[in-house]
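Only one structure is covered here, and it is reproduced in the block below.
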Amino acid sequence: MKAQEIRQKFLDFFQEKGHQIVPSAPLVVKNDPTLMFTNAGMNQFKDYFLGNKTAPSPRIADTQKCLRVSGKHNDLEDVGMDTYHHTMFEMLGNWSFGDYFKKEAIEWAWELLTEVYQLPKDRLYVTVFEGNAEDGLEPDQEAYNIWKNIVPEERIIFASKKDNFWEMGDTGPCGPCSEIHIDIRPAEELAKQAGRALVNQDNPLVIEIWNLVFIQFNRKADKSLETLPAKHVDTGMGFERLAMAVQGKYSNYDTDVFQPMIQLIAEKATKTYGKDRQVDIAIRVIADHIRAISFAIADGQAPSNNKAGYVIRRILRRALRYGYTYLGFEEPFLYGLVSTLATQFADVFPELKAQEDFVAQIILNEEEMFLRTLVNGLKRLEEVTQDMKPGENIDGEVVFRLYDTFGFPKDLTALIAKERSLGIDEEGFEAALQIQKGKGKDDAKKETGDWIILHEIDDTEYLAYDTLDINTSIARYRPVKIKDKTVYQLVLDRTPFYAESGGQVGDTGYLVSQDGTLKIPITDTKKENDLIVHFTPKDDFTKLEHLSEVEFTAIVDAKKRHLTENNHSATHLLHAALRQILGPHVSQKGSLVNEKLLRFDFSHSKALSPEELTQTEHIVNQKIRENIALDERRNVPFKKATEELNATGLFGEKYGEFVRVITFDENFSRELCGGTHVPSTGKIGLFKIISESSSAAGIRRIEAITAEEAENYIQSQLQILDELKEMFKQPKDLKKAVESLIQEKNALQKELEKLEGQQVQELKKELLTKIEQVGEINFINQKVALPSVEALRQLAFDLKNEQQNLVAVLAANIKGKPQVGVMISDNLIAEKNLHAGNIIKELAKEIQGGGGGQAFFATAGGKDLNGLDKVIEKAKGLLS
Ligand code: SER
């Protein structure tokens with residue numbers, strides 16, 4: 001069975017069992033501060049488990065791109081070393097949201113594995129949760145009893161919380177689980193030892209393939225478990241491992257999921273996979289990492305220097321170093337793998353194919369950047385480690401320098417150290433890093449307390465599109481500590497506040513209690529896991545009696561909202577105009593919309609010309625003048641929006657089954673968008689681009705302003721023009737007036753240089769008459785006035801050319817600043833053991849300055865003009 005068929009059979013199986021098949025969520029997580037990347041299929045459903053939202057269907061199945069490289073689930077260290085861990089992998093999953101539970105989940109898993117995939121029953125083992133006293137949890141006898149009806153009891157193993165209680169992160173939905181393991185060892189191994197003892201023992205051929213989690217709890221910030229209102233199923237099966245088992249291989253990398261890439265890398269490196277352990281590891285690392293990097297970039301996370309971006313950069317650099325050291329890739333090579341990957345996944349994850357060139361370009365850029373320092377970094381590391389003994393740690397300061405100067409992520413240095421049986425001094429590294437950052441690491445930490453529930457609500461009624469004020473009450477709140485400051489998050493029954501998303505900032509405003517006694521300022525509104533949270537700096541409100549029942553009027557700051565809307569609608573017009581002018585490859589890569597400006601990042605490989613910018617601006621302003629009415633459609637089925645209506649969406653955005661479509665002229669701009677907009681484009685008034693720049697490789701950034709901001713900007717520019725005209729005494733043609741001023745200035749400059757040249761010549765003649773004899777040396781030791789450092793240099797060289805056995809000390813006043821030059825004839829350097837650089841160091845002290853140079857010529861600048869006489873004195877002394 002080919003991998004593609006294995007995947008399809010999973011989805012078909014669960015579709016037949018009443019599951020709705022949904023697309024994979026993007027790899028990069030937005031709106032959840034506890035998570036950077038999707039690390040499990042269930043992430044996108046977190047709110048359904050917690051009861052914050054109702055699932056569109058009680059049964060769902062999919063294949064989900066997951067990345068386990070940070071936080072609670074991190075497999076990075078194992079990747080490539082072994083044959084069954086990955087950074088990015090596909091997780092096949094089926095879910096029940098308060099619908100079926102353990103019995104169906106277990107029976108269907110068994111049916112699929114043994115009947116559809118025909119995996120031999122006598123190779124399968126199952127584990128169940130043994131209970132945990134600390135959490136007050138009993139053994140999962142229920143699961144045990146269900147399994148007992150399916151498999152012989154000697155194939156069921158009770159296991160501990162570590163393996164059989166699944167948690168998404170430090171907090172969040174969780175529950176006991178039951179895992180299915182497979183023993184794929186060859187028959188002779190099997191005869192020696194039964195598989196049971198090898199389960200959960202890190203044997204590469206006795207591995208977990210499917211995890212059935214019975215979600216019943218929410219792990220709270222205080223570590224306690226809260227029972228959820230309903231019971232759910234969350235299963236996850238490693239697709240690549242399943243493929244290995246079904247295809248009868250001993251390594252995930254030997255399946256057709258990885259083989260095309262493995263062979264491509266081997267071919268590029270002119271190596272053969274399967275001959276040499278180190279080479280194989282390197283090939284596996286690269287075959288794995290290229291997937292994580294490419295899909296993360298396609299989902300909107302380019303490599304960068306912080307947070308999620310740095311995780312991707314680290315993975316990329318790890319791959320590069322393996323390629324460089326073990327496969328001999330000295331030039332960028334990763335980018336050349338993207339196209340094979342994109343084609344392989346075109347039907348499951350089409351986002352990569354659609355952005356193939358863009359992704360390759362970003363990777364190439366990263367490769368070029370790191371390869372420039374990699375060689376030197378490795379050399380440095382070699383120097384440092386050559387005399388070290390196994391077990392020693394590389395100094396933290398060195399690890400930091402490698403990071404800071406050569407771009408070596410700490411874990412890369414640790415990896416190379418490990419290959420030499422060395423460690424790294426983590427603490428020393430952290431200390432050096434903190435010194436550089438100039439602040440404690442904990443500053444940026446955010447701690448969230450548990451919610452205090454006042455009353456249960458299903459979902460906040462979201463009225464941001466319909467009104468700017470509404471009566472409401474507080475459903476729950478919690479304290480959040482950000483950088484030692486505590487603020488409060490509020491969830492309301494209904495809200496008119498727009499929650500930050502799609503680049504548009506969150507609304508601000510007030511909640512005013514009905515009796516007018518309390519006014520709660522709302523300083524920001526955000527989405528966290530689809531909860532709409534309002535931020536307020538103080539906890540006065542908690543002192544109100546019967547807080548749960550208190551009615552508030554929620555009032556949005558309308559002025560700020562309207563200005564923001566101008567900029568958001570203008571962003572759509574800009575996007576459409578850019579596609580018209582530059583081409584359809586332009587796609588949004590980021591945006592910020594607030595009351596002051598709009599910032600739009602988009603894929604395009606070179607700077608826009610002034611003409612392109614003018615044209616873009618012109619189209620947008622034309623569309624503003626056409627005063628096109630907003631066409632807002634809610635709850636449009638996703639397929640209809642993208643296929644029939646041809647609306648533009650964003651890569652890396654998670655769209656639900658129903659989307660909102662914003663149109664300004666169906667032939668011009670139609671986007672999937674959750675933002676708020678002007679009722680008609682005329683309200684924007686005016687659109688002005690204020691900058692165009694590069695935001696990252698392959699991405700351009702335009703900043704623009706609208707309405708009053710744009711008017712003020714143009715006014716101020718015109719005012720500068722008026723003032724210029726005034727300075728030029730109101731010329732008929734200002735441009736000509738400026739041009740002739742520049743010409744005049746250039747001519748004068750030339751004239752001046754000529755005069756200065758003559759002056760230097762005169763000076764030279766004069767100095768040659770002032771030579772003193774000190775033994776055989778012709779000594780010139782004079783104070784001079786010169787127009788520039790360049791003139792001093794010229795003078796010194798001219799003197800050297802015309803006079804033999806020369807030592808010249810020129811103490812120059814250059815337009816009020818002291819400068820000293822020392823010139824020595826070449827023959828004297830060896831004969832008399834003289835060095836201009838050494839002499840200048842001494843002389844520089846007299847003018848409170850410093851300098852240096854070569855043996856025959858050196859200069860120094862300083863601060864104290866009065867020191868020039870002392871320079872002459874000292875030079876005399878030095879020479880004699
Ligand atoms: N959440 C579980 C896991 O990731 C099952 O999907 O293993």
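One-based numbering, in listed order, for ligands and for the atoms of each. In this chain, residues are counted from 1 in sequence order. Because only heavy atoms are used, hydrogens play no part in the values below, and waters and symmetry mates are left out as well, while side chains stay in.
Using a 4.0 Å cutoff on heavy atoms, R68 counts as a contact of ligand 1.
The protein non-hydrogen atom at the shortest distance from atom 6 (O) of ligand 1 is D234 OD1, 2.7 Å.
Geometrically, K65 engages F349 in a cation-pi contact defined by less than 6.0 Å to the ring centre and at most 45° from the axis. The side-chain tip of K17 points at the ring of F13 from less than 6.0 angstrom away and within 45° of straight on. Annotation: cation-pi geometry satisfied between R155 and Y125 (NZ/CZ under 6.0 angstrom from ring centroid, within 45° of ring axis).
Nearest heavy atom pair, residue Q355 against residue A298, reads NE2-O, 2.9 Å.
Atoms CD1 and CD1, on I180 and I207 in that order, are 13.0 Å from each other to the nearest 0.5 Å.
Those atoms of ligand 1 that come under 4.0 Å of a heavy atom in A40, given as number and element, are 4 (O). Atoms of ligand 1 found under 4.0 Å from any heavy atom of V213, numbered from 1 in the order shown, are 2 (C), 5 (C). Using a 4.0 Å cut-off to heavy atoms of M91, the atoms of ligand 1 that qualify are 3 (C), 4 (O), 6 (O). Under a 4.0 Å criterion applied to the non-hydrogen atoms of N211, ligand 1 contributes the atoms 2 (C), 3 (C), 5 (C), 7 (O). In summary, the atoms of ligand 1 found under 4.0 Å from a heavy atom of T235, numbered by their order in the structure, are 5 (C), 6 (O). Every atom of ligand 1 with a heavy atom of M42 under 4.0 Å away is listed here by number and element: 1 (N). Atoms of ligand 1 lying under 4.0 Å from at least one heavy atom of G236, given by number and element, are 5 (C), 6 (O).
Open room surrounds CG on D458; 12 or fewer heavy atoms of other groups in view lie less than 6.0 Å from it. A 6.0 Å sphere centred on CD of E138 holds no more than 12 heavy atoms belonging to other residues, nucleotides or ligands.
When heavy-atom distances to ligand 1 are checked against a 4.0 Å cut-off, M168 has no atom that comes that close, whether in backbone or side chain.
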